[in-house]
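Read through the structure below, which is laid out as structure tokens, and then see the notes.
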Amino acid sequence: MSERILTLNAGSSSVKFALYSHATEPALIASGQVQKLNDQAGVSATLADGQSLVDQRLALDTQPFHQCAFNTIFEQIGQHLPEAEVVAVGHRVVHGGLEYAAPTVIDEKVLSDLDSLTPFAPLHEPHNIEGIHAALAAFPGTLQVACFDTAFHRQQSYVNDVFAVPRRYYEQGVRRYGFHGLSYDYIASELARQLPDVAGGRVVVAHLGSGASMCGMRKGVSVSTTMGFSALDGLPMGTRCGEIDPGVILYMLDHEGLSAAEISDLLYKESGLLGISGISSDMRTLESSDSLEAKQAIDYFVYRVRRELGGLTVSLDGLDALVFTGGIGEHSAGIREKICAGLDWFDLMIDSEKNARNAFDISATNSQVKVLVIPTNEELVIARAVTELQRQ
């Protein structure tokens, strides 16, 4: 048997997993995901060398998706990697609240605390908790570690943490938590490894995908970020609205008579790129469309990224590097080009040829600001955290 670390990353309609070696620097063995596809679940997994282990559809029947997903993952590991002995499980947990600002060994108190945070992240936290319970049942007695998306931003200053509402809400925990922290943690570590001079400076990271946010970092530490109390805030996303005037929500309540649940569904599931375009939440689909609505959705997305880039640069007192990551950030040369267009006054310019081939460094030779494309790896951050806790 070979000792392995399992990582679980449960979203609203997918569960990603990865299996790593149990070593000081974990090495990827296999990875995959289970996705919800209407009344079916699609499961896929590959070895680290790209060899396919499984790619199939499963009927959900009456079984809830996430229950099916976790059971399927554990079954596939047993079937295709029978030599793997899972000695620890690391979980991505979206919200850690005020108390959890570092990876934490899960016990009954931690589970209870996480459950109490569900109102802060109602569409994400329950799935994270469900994954913990599933792993506890599948691997009894095994170390379980929670890694929090909010933790990376917990040292931000008061002005980047507060809302201008009565102070009692701040004391109750209504604050700008920020998210995508595991992704930003990975980018910070990669910059430190590959470009230490850049890592020691002022960097804006744009995590652009179906969920999207940006973070301003100084010396690898979060200074400001675009998401706030919830994963709705900041940039427009695939189906989430991003920044919105609260008066719009009051209008929906008072004049349309929508319930809180209906507004939640509208803002989380019917807005963003999908809402503006009326076509799709997928940027690839919009980029291939000739419709005016698709162009408007793309233009709005790009405009908001550029606007946030300016604000984050001010919070950092300047800019030394811009890093693109996430599904859109890593793969859409067109979106990167639109975001960076006309920023020569900002001393930020990209090389079109390098950008077209998704190079690591897409900066033009005369650009004072480095522009980089770095694929994120949240699962490795989780595996490293598990290994670190085991050494303590």
Side-chain angles (χ1 to χ4, degrees), residues 149 153 156 160 163 176-181 183-184 187 203-217 222-249 266-287 289 291-316 319 321-343 345-346 348 350 355 369 371-373 376:
D149 252 342
H153 309 292
Q156 289 186 1
N160 284 325
F163 293 99
R176 295 184 185 275
Y177 288 97
F179 297 89
H180 291 134
S183 177
Y184 295 130
I187 298 301
V203 179
V204 169
V205 182
H207 178 108
L208 308 180
S210 58
S213 71
M214 297 169 71
C215 178
M217 302 188 299
S222 176
V223 172
S224 182
T225 188
T226 58
M227 279 185 173
F229 177 72
S230 74
L232 275 176
D233 200 9
L235 301 175
M237 293 162 255
T239 62
R240 284 175 261 167
C241 60
E243 182 182 345
I244 187 171
D245 181 341
V248 176
I249 298 171
L266 187 152
L267 298 180
Y268 274 101
K269 300 176 182 179
E270 301 173 20
S271 298
L273 297 176
L274 175 63
I276 293 177
S277 71
I279 297 171
S280 177
S281 62
D282 192 319
M283 183 64 81
R284 293 167 296 188
T285 301
L286 299 182
E287 286 188 284
S289 173
S291 79
L292 172 64
E293 292 81 3
K295 179 181 183 301
Q296 289 173 330
I298 292 171
D299 287 348
Y300 181 71
F301 179 83
V302 168
Y303 167 73
R304 295 300 310 195
V305 173
R306 286 164 62 92
R307 177 170 164 169
E308 295 291 355
L309 175 60
L312 291 169
T313 299
V314 170
S315 74
L316 294 171
L319 185 66
L322 170 63
V323 179
F324 287 101
T325 193
I328 298 171
E330 295 168 23
H331 302 293
S332 179
I335 295 299
R336 292 195 301 263
E337 184 175 10
K338 290 177 186 293
I339 290 169
C340 297
L343 293 183
W345 61 271
F346 205 52
L348 188 158
I350 63 172
N355 183 49
V369 177
V371 187
L372 308 170
V373 179
T376 194

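This structure is a prediction, so every number in the text was calculated from the model and none was measured.
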Does Arg306 use its side chain to pair, donor to acceptor, with the backbone of Ala341 at less than 3.5 Å? yes
Any side-chain to backbone donor/acceptor pair from Gln296 onto Ile276? Under 3.5 Å, distance only. no
Answer yes or no: is there a side-chain heavy-atom contact under 4.5 Å between His207 and Ile187? no
Keeping the roles fixed (side chain from Asn160, backbone from Val223), state whether a donor-acceptor pair exists under 3.5 Å. yes
Taking Arg336 for the side chain and Phe324 for the main chain, is one N or O donor matched with an acceptor at less than 3.5 Å? no
Atom CZ of residue position Phe163 - does it have more than 12 heavy atoms of other residues, nucleotides or ligands inside 6.0 Å? yes
Within this structure, what is the CD1-CD1 distance for the pair Ile335 and Ile328, rounded to the nearest 0.5 Å? 7.0 Å
Just how far is it from atom CG of Leu267 to atom CZ of Arg240, taken to the nearest 0.5 Å? 11.5 Å
If you take all heavy atoms of Leu322 and Cys340, which pair is closest and at what distance? CD2-SG, 4.2 Å
Can you tell me how far OG1 of Thr285 sits from CD1 of Ile279, rounded to the nearest 0.5 angstrom? 9.0 Å
Are Val369 and Leu343 side-chain neighbours, meaning at least one heavy-atom pair lies under 4.5 Å? no
Looking only at heavy atoms, which two atoms of Thr239 and Leu274 are closest? And how far apart? CG2-CD2, 4.1 Å
For Leu273 and Ser280: C-alpha separation, side-chain torsions, deciding distance, then whether side chain to side chain contact (heavy atoms under 4.5 Å, CB included) applies. CA-CA 7 Å; Leu273 297 176; Ser280 177; over 6 Å; no
Taking C-beta and beyond as the side chain, do Val305 and Lys338 meet within less than 4.5 Å on heavy atoms? no
Between Met237 and Leu235 the two heavy atoms that sit nearest each other are CE-O, 3.1 Å
Between Gly216 and Leu312, the two heavy atoms sitting closest are N-CD2, 3.9 Å
Would you call Cys241 and Leu232 a side-chain contact if the rule is heavy atoms closer than 4.5 Å? yes
Side-chain contact, heavy-atom cut-off 4.5 Å: Met227 with His180? yes
Would you check, one step at a time, whether the test side chain to side chain contact (heavy atoms under 4.5 Å, CB included) holds for Leu208 with Phe301? CA-CA 10 Å; Leu208 308 180; Phe301 179 83; 4.1 Å; yes
Any side-chain heavy-atom pair from Leu319 and Phe346 closer than 4.5 angstrom? yes
So does Thr226 get a backbone contact from the side chain of Arg176, meaning a donor-acceptor N/O pair under 3.5 Å? no
Going by ring pair (Phe, Tyr, Trp, His ring centres under 6.0 Å), His153 matches just one of Tyr184, Phe179, Tyr177. Which one? Tyr184
Are the side chains of Ser332 and Glu287 in touch, meaning some heavy atoms are under 4.5 Å apart? yes
Test item: Glu243 and Asp233 side chains (from C-beta on) under 4.5 Å apart, heavy atoms: yes
Return the minimal non-hydrogen interatomic distance between Leu286 and Ala294, and the atom names on each side. O-CB, 3.7 Å
Atom CZ in Arg304, atom CG in Asp299: separation rounded to 0.5 Å? 14.0 Å
Correct closest heavy-atom pair for Pro236 and Ala212 would be O-CB, 4.2 Å
